[in-house]
Structure formats: C-alpha cells, structure tokens
Amino acid sequence: MAAAEREGAEPVRRPPVTAPGERLALNGMGSFEWDLDAGTVVLDEAAMDVFDLRPEEFDGTPEGVGLHIPPEDGVRLNETIAGVLESGGDTYGAYFTVQRRDGLDQWTHTSGRILRDGGGQSQRIVGIVRDATAELAHATLLRKLEAARAQQTTIVQRTTEALSRAVTVDDVTAALTGAGALERLGADGLALGLVEGGTIKIIALSGESLEVLSERRFTRLDGSLPLSHAVLTRQARFVTSLAELGGEFPLLADYLSRIRFDAAAYLPLIAQAKAIGGLVLFYRRRSEFSPEERNLCLGLAGIVAQSLQRALLFDQEREFATGLQAAMLPRRIPDITGGEIAVRYHAAWSGREVGGDWYDVISLPRDRVGIVVGDVQGHDTHAAAIMGQLRIALRAYAGEGHPPSTVLARASRFLAELDTERFATCMYAQVDLETGGVRAVRAGHLGPLIRHTDGRTGWPNVRGGLPLGLASVFEQEEFPETRLDLVPGETLVLCTDGLVEEPGTTITQGMEALAQAVRSGPQAPEALADHLSDRLWERWGSGDDVALLVLRRAPDPGTHRAPRIHQYVHQADPEGLSEARYALRQALRDWGMPELADDVELAAGELLVNALLHTDGGAVLTMEVLPEPVRRIRLWVKDRSSVWPRRRTPGEAATTGRGLLLVDALATHWGVESRGDGKAVWCEFTVGGRPRSAE
C-alpha cells in the first residue's frame, strides 16, 4: 500500500541548489545595479572579479568601477550609455578592455537595461558584465581562417583564370612566370619541369636567385633530386628547411647556399593518371604548412597539370597540322633573275584544323616567273588535300606556257571535275622581270598591293572572275587579264584574306592596315615578309591560316656617273603626275643639274598626259644620265599602245595638240621606239643645248 501510494504520489520539487547570482558567477558573469539619481553602483562578487576590483578599493561610484578600464575605452563606454539614455532606449551593449593586475588585457562585455519611472525619466540601470576574452579570441581565429580561405580562393580563381587563356606550353609558362604571377600564386619562387623520356626538363624558372637551377635544366628521373623524387613517387613533399633537405639529396646541397628560400613544396603534376611533370613553389620565412595550405598547393598543382596536358596536346596537334600543310606546299622556291621573292605560311591557332591556303612560284618559259596565292574553302584535311591537287594542276598548266586567263580557266575545270563541293579563290600573275611587265588575273581573290619606289602603296584595279570551281559550274570561265608594270625597285605583295581580316572590322580596314604596314616596312622581301607577319598575323590573323608572297623587282643601280630613276604612273591615280614631277625635280637637284628641272618637268608632263589619255593603261617614266660623249639627260615614257604619236599643227583656238610641239621646242632630241608590246617616247636635254627636230 505504501508502495502504491508512493507510485501515485506527485514528484517531489526540490529547491534550486544555486542562487541566481551563483549561476551567473559560475558562467563568468557578474551583475550590477546603478542608481542614476544617487550616483552609486552596486556590484556583486562576480562583477567585482570581472572588473578585477577589491572591496577595499571600490568606493561604490561609477568612477570607481572604471579603475582598471583604459581611459579611451571608458570614454567610449560612457558615450554609448549616454546615447541610449538621451535617445530613450531601453537596452545597450558594449565591449571594452580591463587591464588586470597580472598585466593581461581582458576583453569584457557589458549589457544593461534602463529602468524608468512613470514619466519616462531614467532611474536605474541593471545589467551584467562578463569576461569575453575567449569569445573574441575564437572570433579572431575564425576571422583569420576566413581571411586565409578567402585568400586561397582568390589564388585558385586568379590562377585558373590566367591559365584558362593559355593555349600552348609557352602560354602556360608565360602565365606562371609573367608579371604578377608569383603574387598570384602566393609564392616567392617557382620551378616548372616536364617529363621527357627518362629526364625532367626545367622549362620555367621565376624568383630571385633561382637562375642557378638552370645549370641542371635536364635532370635524370632517378629520384636523386626532390622534384624527380616527387614525380617518381607521385607524392607531394612539403619542406620547411631546405638546409636539412641537402643531407637527403647530396646533388641539391651544392645549390642550397645560393638559393635564398627557406621552405618549398615539391608537387608532382598528374594528368590522366600519368605524371607529366613537376612543380616547385618556394617560400621565404615560412615555418609550417597548415592543412589548408597543403590543400591549396595540391589544388594549384592539379590546375597546372590540366593546363599543361591541354597545351601539350595542342602543340602536338599543331605540329601535325603544320607538318601536313608544309608537305603540301613547295619544298623550295626557284631562284629568279632580276628580283627577289619571299614566301610565308602561317597555320591558324586551331589545333588540327588544317587550312587550304597556299602559295607557289613557277619558272616559266622566256625567263618569266609565275606567282600565285590561293585559298581552298574550309579548314580541314579535305581542304588541304584539295589544295595540294589544285596547286600541282595549276603549276602544270602554267608551266605549259598558257596565258594567265587560260591557266585559271583550266584550273577551275580541274577543281569542278574533282567532284567536291569545295571552291577556291586565287590570284595568279605572270611577271617578266626584265621588262617589268605583269599579266594578272583574279578568281574571287584579293588583288595585289604594289609599293612604289617612293614609298607609296596602291591597290591596282585587277579585273576578276568567279572563284575556281564555281566558274565552271556556272559556265563562266572568263578571267580577264590586267596588264601592270613593275618598275625597278617596286614591290608586289600577294596574300590570302587571313592577313587582312580582323573579327569585328571590315576588310577595307584590314587592307588599309596592310598598306600601312607595307609602307613602313623594310625594303628587302625577306625582312618585309617578317615585318608583315609580326605586325598583322600576330595581331589578328592567328584565327585563320595565311599565305603571303612578296616579290621585288631588283632596283636599277645605275652608276655614279650615270644615275637612273623609274616611276610608274597609274592611269587612275590623280596624284601620280604631281608626284612624278616632284621626283624628277628632286633627282635633277641631287645630280647637280637643277637648271634643267623646269624643261624636263614640263616635257615629262606632256608625254605622261598623252600616254594616260590616249592609251589603255598606265605609263612608266624613266630618267637617266647619259655621260658620253656629252653629259645629258634622257627621259623615257613607256606605254602599252603600239600607236605612235604624231606631231600636229593646231589652230589658234585649239585646246589640244601642242604636247609634242612643246617637247620639240624644249628637248635637244626626241623620238619614238618600239618596245615589244608597246612603245617608248624619249627626249634628251643638254645643258646649253639647242632644240633640234625629231629623230
């Protein structure tokens, strides 16, 4: 019964073992009560301990509470409380320090509640104080950890961003060793090596004093050095004392005295389960590697390994592509008489996407030379194969001696019969370097650019037909020829569109950029070809392959006693006449015969105007000194018309017909000669000589 009664009885409520003040004290907290009217403060025992006050030294005033509080913290605490009282707030909280007797600074936190009367007037403040040192220390540690994690995240993001733009192995090394790269990696030095057979080849070094490691650019992969050991074992190694490392690796001991670093991380570069290289990150004033720092180094190694693997694959594909393309292009360029030729081919930066651009130089009968650049549609091995066949066919047709129009017509028919959907654009010209005559034809391609002897450049109007292949499909195999003249010292530039096309701009802007680069470039064809590659292909042509051909007719050297100049005047060039006159006057001044300038300039103007008005094409102007038997000036104006000029007797009201009369009056002699496919009108001037009749 007693047991049953005990089972049905209510549980016994035991009084709390500790009082409220004791519970606060056990948690490091004390309480206080501040009578604002009386100006007194009551602290319990725990609060006295938080403020590090002894009973005999505390006078019960607010000032006595702050006996061990630094003045600046006391001012800040009083301002916080005053602000709450004035604003009508009910609570406040603040952190401050207490300078304890043992010399330690204790972070302290206080929070209080304002008690007011019925009229809202503040009367008392009741609150607690506690030791917050451990709390803030933990918060500080968390902030440091968060800052370290943020820094590590930044390092990874910036490194990833820099390497994401790296395409080749050279790009990867540039991203790791360029300006700001070490700061981006959070290291003081770097060494990067690639596995090649049984060795490690150091391909990048960055950091003060690390140049000494270049003495061992090739190291056997035998574990005799820390980097090769890390690669062989595929295990990262973190070293906080390089000096101690010398005992384990004697080969390294010779370099430790010259390397100004304290710690290093030796990291294998693993890609697709294969060790492709190793990375060393060097540090100064580092005594440990935290777990987070080790993970960061391993993460960086993974990023570098993936970038290198991608770059190695790209370099291999690019080598394959350029090798295939090179096999399709001429192995050698034939030597020519009377000029120089330079050729360049640049593959696109697109891995194995082989292009269809090509160039060729063909020796022709009668000491002529054929030059060609072309572009087969597409960027793949099929385009390259078609290019190879088309180049050989065009070379064969040209070598048979056919005129340029026939060469392109037959090449178009050949491409159409290959049963492919591809077409090709082409620019072909037959050049006679002895006379300077050029017979040019176009098939949907960019025309030639000419640089004149005075540095001017121009795009002559070369008529064109449809692209090869399409011309035969549409039965329009007409490729009209355009006759040009290349005077001694002039340069002809042929290229494919990759050299003048920039994404986001028109081809006209690219053509102007090419003309400007040719104007500012060197005279020699080889140097000019390099100049154009550096200025244009490296700037915007890397997205497409480029074929470039530069031909320069040899300058006419003349002699010291018999100098000579040449000038070509285009029919559609309004500035050509004035520039030709200026060139004549300047030459006569240089040759010491300025007194002939007016007569020669006037006669040349008349002969040039006749050629440009009455023939279909431009004119070549030549002026030379004839030293024997009397030193005199001879002027030639050559055109492609076989019709000889005739002297007329115009009436008083006539506005034309006086050109040859002026030449006859000014020159000592004048005449006309046949020149193969045209004629040349000449006249001579002698200082103090008398005009004579035509010969």
Would the distance check show the side chain of Arg234 and the main-chain N or O of Ala273 forming a donor-acceptor pair, the cut-off being under 3.5 Å? yes
N/O donor-acceptor pair under 3.5 Å between His531 side chain and Glu526 backbone: no
If you count the non-hydrogen atoms of other residues, nucleotides and ligands that lie under 6.0 Å from CD in Glu196, is the total more than 12? yes
Closer than 3.5 angstrom, by distance alone: can the side chain of Gln509 be matched with the main-chain N or O of Thr506 as a donor-acceptor pair? yes
I'd like to check Thr177 versus Leu205 (side-chain heavy atoms, cut-off strictly below 4.5 Å). Are they in contact? no
Are the side chains of Val304 and Leu176 in contact, using a 4.5 Å heavy-atom criterion? yes
Does a side-chain heavy-atom distance below 4.5 Å link Leu190 with Val280? no
What's the separation between atom CD in Glu340 and atom OG1 in Thr491, rounded to the nearest 0.5 Å? 9.0 Å
Please name the pair of heavy atoms, one in Gly356 and one in Asp545, separated by the smallest distance, quoted to 0.1 Å. N-OD2, 3.4 Å
Under a 3.5 Å cutoff, is there a donor and acceptor pairing between the side chains of Thr496 and Asp357? yes
Measure from the side-chain N and O atoms of Thr133 to the backbone N and O of Trp107, and report whether any donor-acceptor pair falls under 3.5 Å. yes
Any chance you could measure Leu213, atom CG, to Phe282, atom CZ, to the nearest 0.5 Å? 5.5 Å
Write down the atom of Tyr266, the atom of Pro268, and the distance for their closest heavy-atom approach. O-CD, 4.0 Å
Can you name the nearest heavy-atom pair linking Pro448 to Val462, along with the distance? CD-CG2, 3.7 Å
Would you please say whether a donor-acceptor pair under 3.5 Å links the side chains of Thr168 and Asp170? no
State plainly whether the residues Arg260 and Glu208 are in salt-bridge range, i.e. N to O under 4.0 Å. yes
Decide whether Ser412 and Ser472 meet the rule of one side-chain donor and one side-chain acceptor closer than 3.5 Å. yes
Could you go step by step and tell me if Val369 and Ser363 meet the side-chain contact (heavy atoms from CB on, under 4.5 Å) rule? CA-CA 5 Å; Val369 62; Ser363 297; 5.8 Å; no
Take Glu248 and Arg237 through the test salt bridge (Lys or Arg N to Asp or Glu O under 4.0 Å) and record every step on the way to the result. CA-CA 13 Å; Glu248 183 178 349; Arg237 183 162 187 170; 2.5 Å; yes
Mind checking the CH2-CG spacing from Trp358 to Leu390? Nearest 0.5 Å is all I need. 4.0 Å
Contact check, side chains of Leu194 and Leu312, non-hydrogen atoms, under 4.5 Å: yes
Using side-chain contact (heavy atoms from CB on, under 4.5 Å), reason through Phe479 and Arg442 one step at a time and then give a plain yes or no. CA-CA 7 Å; Phe479 300 96; Arg442 287 192 308 117; over 6 Å; no
When rounded to the nearest 0.5 angstrom, what is the spacing between CG in Leu242 and CG in Leu252? 7.0 Å
Rounded to the nearest 0.5 Å, how far does CG of Leu192 lie from CG of Leu279? 6.0 Å
Does a side chain donor of either His452 or Thr457 reach within less than 3.5 Å of an acceptor in the other side chain? no
Using every non-hydrogen atom in the two residues, find where Gln377 and Ala383 come nearest and quote the distance to one decimal. O-CB, 3.6 Å
Is there a side-chain contact between Leu394 and Tyr428, using heavy atoms and a 4.5 Å cut-off? yes
Leu267 side chain reached by Leu281 side chain, heavy atoms, under 4.5 Å: yes
Side-chain contact, heavy-atom cut-off 4.5 Å: Pro460 with Ile450? yes
Please work out whether the ring planes of His109 and Tyr95 are parallel, tilted or perpendicular, with thresholds of 30° and 60°. tilted
Fit a plane to each ring of Phe289 and Phe238, take the angle between them on a 0 to 90° scale, and name the class: parallel (under 30°), tilted (30 to 60°) or perpendicular (over 60°). tilted
So does Glu490 pair up with Arg456, basic N to acidic O under 4.0 Å? no
Flag the pair Glu512 and Arg519 as a salt bridge only when some basic side-chain nitrogen lies within less than 4.0 angstrom of an acidic carboxylate oxygen. yes
Output the distance between atom CG (Leu221) and atom NZ (Lys201), rounded to the nearest 0.5 Å. 15.5 Å
If I compare all heavy atoms of Val169 with all of Ala311, which pair ends up nearest, and what's the gap? N-CB, 3.5 Å
Before giving the answer on side-chain contact (heavy atoms from CB on, under 4.5 Å), spell out for Val195 and Ile276 the whole-Å C-alpha distance, their side-chain angles and the decisive distance to 0.1 Å. CA-CA 5 Å; Val195 174; Ile276 63 172; 5.7 Å; no
How close do Leu549 and Asp360 get, heavy atom to heavy atom, and via which atoms? CD1-O, 3.7 Å
Do Arg184 and Glu161 meet the salt-bridge criterion of a basic N to acidic O distance under 4.0 Å? no
Evaluate side-chain contact (heavy atoms from CB on, under 4.5 Å) for Arg220 paired with Ile200, printing each intermediate quantity in order. CA-CA 6 Å; Arg220 294 185 61 183; Ile200 292 182; over 6 Å; no
Would you say Arg395's side chain and Val361's backbone share a donor-acceptor pair under 3.5 angstrom? yes
Can you confirm whether Leu514 sits close enough to Leu532 that some side-chain heavy atom of one is under 4.5 Å from a side-chain heavy atom of the other? yes
Sidechain-backbone polar pair: Asp262 side chain, Arg285 backbone, donor-acceptor under 3.5 Å: yes
